[in-house]
Structures are given as structure tokens and as C-alpha cells.
Student: 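Submitted below is the structure of interest, expressed as C-alpha cells.
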Amino acid sequence: MLPIDPAADLGRKAWVPCPRCEDHRGCATCEAGRNCPDHWRYLLSNKGSLVHLQCPGCTHVWSWETGFGSRHRPSGPAR
């Protein structure tokens with residue numbers, strides 16, 4: 001199990017299902033699409049609409065494309 005990232009800040013939370021532990025399943029608040037006080041994720045950083053998250057329960061770290069705002073584009077030659 002990974003430690004909580006040193007950049008994790010309780011003031012920066014996201015409500016996105018964790019793809020590893022899926023602890024939101026069966027939670028009425030989460031299933032209703034509301035911000036649950038128990039099933040939140042650390043929002044570690046973002047680049048445009050690509051966010052980097054960590055689950056405080058299982059400590060899984062992953063990236064998620066939100067689809068909002070400026071889309072993340074991979075580095076490479078300009079087109």
C-alpha cells in the first residue's frame with residue numbers, strides 16, 4: 001500500500017469513484033451524485049482537464065480526464 005502523497009491537501013478534494021476499491025458502491029449519497037463526506041479523493045494536481053487523484057482509503061493513485069475546460073494534450077510536434 002502506498003503512503004498518502006506529500007502533496008495531498010484536505011482542502012483539495014474531488015468526488016470521483018476510485019477504480020480500485022470502488023468504496024462508493026452502495027452509498028446512497030454517492031449514488032445520488034452528491035458530495036459524500038466519506039467517499040472523496042485527494043486532488044493532487046491537474047493539467048488542464050486532466051486531474052491526478054489519490055484515494056485516501058486504498059491509497060490508489062490515478063489520472064482522470066474530466067472533459068471540462070482546457071483539454072490535456074500529449075507533448076509532441078505541433079500540428
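We number each residue from 1, following the sequence as shown. Everything numeric here is computed off the predicted structure, so don't read it as measured data.
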Student: Can you give me every donor-acceptor pair (side chain of residues 5-15, partner residue at least two apart or in another chain, under 3.5 Å) with its distance?
Tutor:
{"from": "D5", "atom 1": "OD1", "to": "A7", "atom 2": "N", "distance (Å)": "2.6"}
{"from": "D9", "atom 1": "OD1", "to": "G11", "atom 2": "N", "distance (Å)": "2.9"}
{"from": "R12", "atom 1": "NE", "to": "L43", "atom 2": "O", "distance (Å)": "3.3"}
{"from": "W15", "atom 1": "NE1", "to": "C36", "atom 2": "O", "distance (Å)": "2.8"}

Student: Please check: side-chain N/O of S49 versus main-chain N/O of T66, any donor-acceptor pairing under 3.5 Å?
Tutor: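 Not confirmed, S49 side chain does not pair with T66 backbone.
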Student: If you group Ile, Leu, Val, Met, Phe, Trp and Tyr by side-chain heavy-atom gaps below 4.5 Å, do V61 and L53 land in one group?
Tutor: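 No, it is not one cluster - the side chains of V61 and L53 are not joined through contacts under 4.5 Å.
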Student: For E31, give me all partners under salt bridge (Lys or Arg N to Asp or Glu O under 4.0 Å), at least two apart in sequence or on another chain.
Tutor: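 Here no residue qualifies.
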Student: Should the ring pair W40 and Y42 be called parallel, tilted or perpendicular, given that the plane angle runs from 0 to 90° and is split at 30 and 60?
Tutor: perpendicular
Student: Give the cluster check for L44 versus W62: same hydrophobic cluster or not, with ILVMFWY residues linked at side-chain heavy-atom distances below 4.5 Å.
Tutor: no
Student: To the nearest 0.5 angstrom, please state how far the CG atom of D38 sits from the OG1 atom of T29.
Tutor: 8.0 Å
Student: Indicate yes or no: at least one non-hydrogen side-chain atom of H60 is less than 4.5 angstrom from one of C21.
Tutor: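 No, too far: nothing below the 4.5 Å cut-off.
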Student: Which heavy-atom pair separates R41 from D23 by the least distance, and what is that distance?
Tutor: NH2-OD1, 2.6 Å
Student: Can any side-chain N or O of Q54 pair as donor or acceptor with the backbone N or O of T59 at less than 3.5 Å?
Tutor: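 Pair found, side chain donor or acceptor close to backbone of T59.
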Student: Please report the interatomic distance NE2(H39) to SG(C55), rounded to the nearest 0.5 Å.
Tutor: 9.0 Å
